[in-house]
Enquirer: 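Attaching a single structure in structure tokens format; questions to follow.
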Amino acid sequence: GDWSIAAGGQSNQAQSAHSVVVGGSNNYAAASASTVAGGLFNYATGGRSIVAGVESGTASGEYSFVAGGYFNCAGGRSSFAGGRRAHVRPGTGSGAVGEGCFAAAVSGNAEGDAGSFVWADSQDTNYATTGPNQFLARAAGGVMFNTNALASVNDDLVIGARPIGSGGDADADLVWKSRSAKSGTMYLSDSGGGFTISVPNLGAGVSRLSVQGGSGGSASLSNGGMWTNASSRTFKEGFKTIDPMRILDKVVAMPITTWAYKQSIEGNHIGPMAEDFKAAFDLAGDGKSIGTADADGVALAAIQGLNQKLENENAALRAEMAVLQQAVKALQQH
């Protein structure tokens, strides 16, 4: 091509104006101002695109970049692909050639998945975008920010605080922002080690935290700080009646003690052990914890049982009183 150059190597072609191939073998700079920096079987077919060598990379999107690697495809306009089998889907009718984009699905629009960034690790399977303007990273060894240390081999994502001297505090902060500039923050305290969630701009009546529970409704932490459980009849099934008196007997027989959590300085608590609660009522759970709804339900049922016991005793006392009154009346008549 006019003003193009193929700087050595074997079977290379700088086919379009201002294109460059810097050595390697079977490389093709096929679009205007495109560049292939060595390697094998690479194709720069998008205008002003770059393939930085290695093997079987294709930059078919305009202004796209393949950062070396193996079988990568930067098929969208202004896209990036690096690593092994990282694919930004090319556009319809793009005419993408080369092994890098050969197995890539087509995006369905002319510009491909424009503006997308894909980095794929050493796994020998394709890792592809599903739409434009995406940031994808496949890292089987974990993803880390501001740190290169995993707490354990099971960690998938680790976020570290900024290092000393880079500004900010020592806490690890994560901030969410909505389109209308509402924000929420969750941070791990460097001094205490606890998590704090802050949602400063809640609207009236909006929950601080809501946990969706599928067919079981949702639980939430209210604006005022009240934890509420989903409890509508429409969320429940398998209803069975209970005997409040039996519940009361089990509550009376259950050991209730004061205790403190191990390695905690928050002070004493009062209540039953989860193992005793499970044995007494056989409710959901693994016997290591007590659900708040279950504890409330047992307490309310015990109150009903106590009320029933008192009503029975009062009825018996009233019956005895009636007998005594009849006896007194008979004596008075004599």
Side-chain angles (χ1 to χ4, degrees), residues 1-139 143:
D2 294 340
W3 307 289
S4 63
I5 183 171
Q10 180 182 7
S11 301
N12 297 313
Q13 296 184 32
Q15 298 174 334
S16 191
H18 309 285
S19 61
V20 178
V21 177
V22 188
S25 176
N26 293 282
N27 296 312
Y28 301 89
S32 175
S34 61
T35 301
V36 177
L40 305 172
F41 302 103
N42 297 303
Y43 290 78
T45 60
R48 300 162 185 80
S49 62
I50 298 175
V51 178
V54 194
E55 184 175 351
S56 300
T58 301
S60 64
E62 191 175 18
Y63 306 106
S64 63
F65 179 44
V66 171
Y70 180 73
F71 273 86
N72 295 313
C73 173
R77 179 183 173 92
S78 304
S79 63
F80 174 97
R84 183 182 179 94
R85 293 191 179 275
H87 285 182
V88 178
R89 298 183 305 176
T92 55
S94 64
V97 295
E99 293 176 304
C101 286
F102 180 76
V106 178
S107 69
N109 59 70
E111 291 190 342
D113 288 336
S116 291
F117 178 106
V118 182
W119 175 265
D121 59 12
S122 62
Q123 298 179 65
D124 194 22
T125 56
N126 294 338
Y127 182 60
T129 53
T130 57
N133 303 313
Q134 292 183 340
F135 183 98
L136 276 67
R138 182 179 67 194
V143 178

Enquirer: Applying ring-ring contact (aromatic ring centres under 6.0 Å, His included), which residue pairs with at least one partner in residues 105-124 are found, sequence neighbours left out?
Expert: F80-F117, F117-F135
Enquirer: How many angstroms lie between CZ in R89 and CG in N126, if you round to the nearest 0.5 Å?
Expert: 13.0 Å
Enquirer: Can you give me the closest heavy-atom contact between A14 and A6, atom names plus distance?
Expert: CB-N, 4.3 Å
Enquirer: Would a distance-only check, ignoring hydrogens and angles, find a side-chain to backbone donor-acceptor pair under 3.5 Å from T45 to T58?
Expert: no
Enquirer: Using salt bridge (Lys or Arg N to Asp or Glu O under 4.0 Å) as the criterion, list what pairs up with D124, not counting sequence neighbours.
Expert: R84, R85
Enquirer: Donor-acceptor pair, S107 side chain versus N109 backbone, under 3.5 Å?
Expert: yes
Enquirer: Test your reading of the model: is there a side-chain donor-acceptor pair from S56 to the backbone of F71, 3.5 Å cut-off?
Expert: no
Enquirer: Tell me if a side-chain donor or acceptor on N12 pairs with a main-chain N or O of N26 at a distance below 3.5 Å.
Expert: yes
Enquirer: When rounded to the nearest 0.5 angstrom, what is the spacing between CD in Q10 and OG in S25?
Expert: 4.5 Å
Enquirer: Report the residue from S79, C73, S34 that forms a side chain to side chain contact (heavy atoms under 4.5 Å, CB included) with S64.
Expert: S79
Enquirer: Does any pair with a residue in residues 1-38 pass ring-ring contact (aromatic ring centres under 6.0 Å, His included), and if so which ones, sequence neighbours excluded?
Expert: W3-H18, Y28-Y43
Enquirer: Write down the atom of F65, the atom of A52, and the distance for their closest heavy-atom approach.
Expert: CE1-CB, 4.0 Å
Enquirer: List the atom of P90, the atom of A105, and the distance in Å for their closest heavy-atom pair.
Expert: CD-O, 3.3 Å
Enquirer: With sequence neighbours excluded, what pairs up with T35 under the side chain to side chain contact (heavy atoms under 4.5 Å, CB included) test?
Expert: V20, I50
Enquirer: Closest heavy-atom contact between C101 and S60?
Expert: SG-OG, 3.9 Å
Enquirer: Which pairs, with at least one residue in residues 51-72 and sequence neighbours excluded, count as a salt bridge (charged side-chain N to carboxylate O under 4.0 Å, His left out)?
Expert: R48-E62, E62-R77
Enquirer: Who pairs with Y63 by ring pair (Phe, Tyr, Trp, His ring centres under 6.0 Å), at least two apart in sequence or on another chain?
Expert: none
Enquirer: When you measure from the side chain of S49 to the backbone N and O of A59, does any donor-acceptor pair fall under 3.5 Å?
Expert: yes
Enquirer: Under a 3.5 Å distance rule, please check whether H87 uses its side chain to pair with a backbone N or O of G75 as donor and acceptor.
Expert: no
Enquirer: Do side-chain atoms of N27 reach the backbone of N42 as a donor and acceptor pair under 3.5 angstrom?
Expert: yes
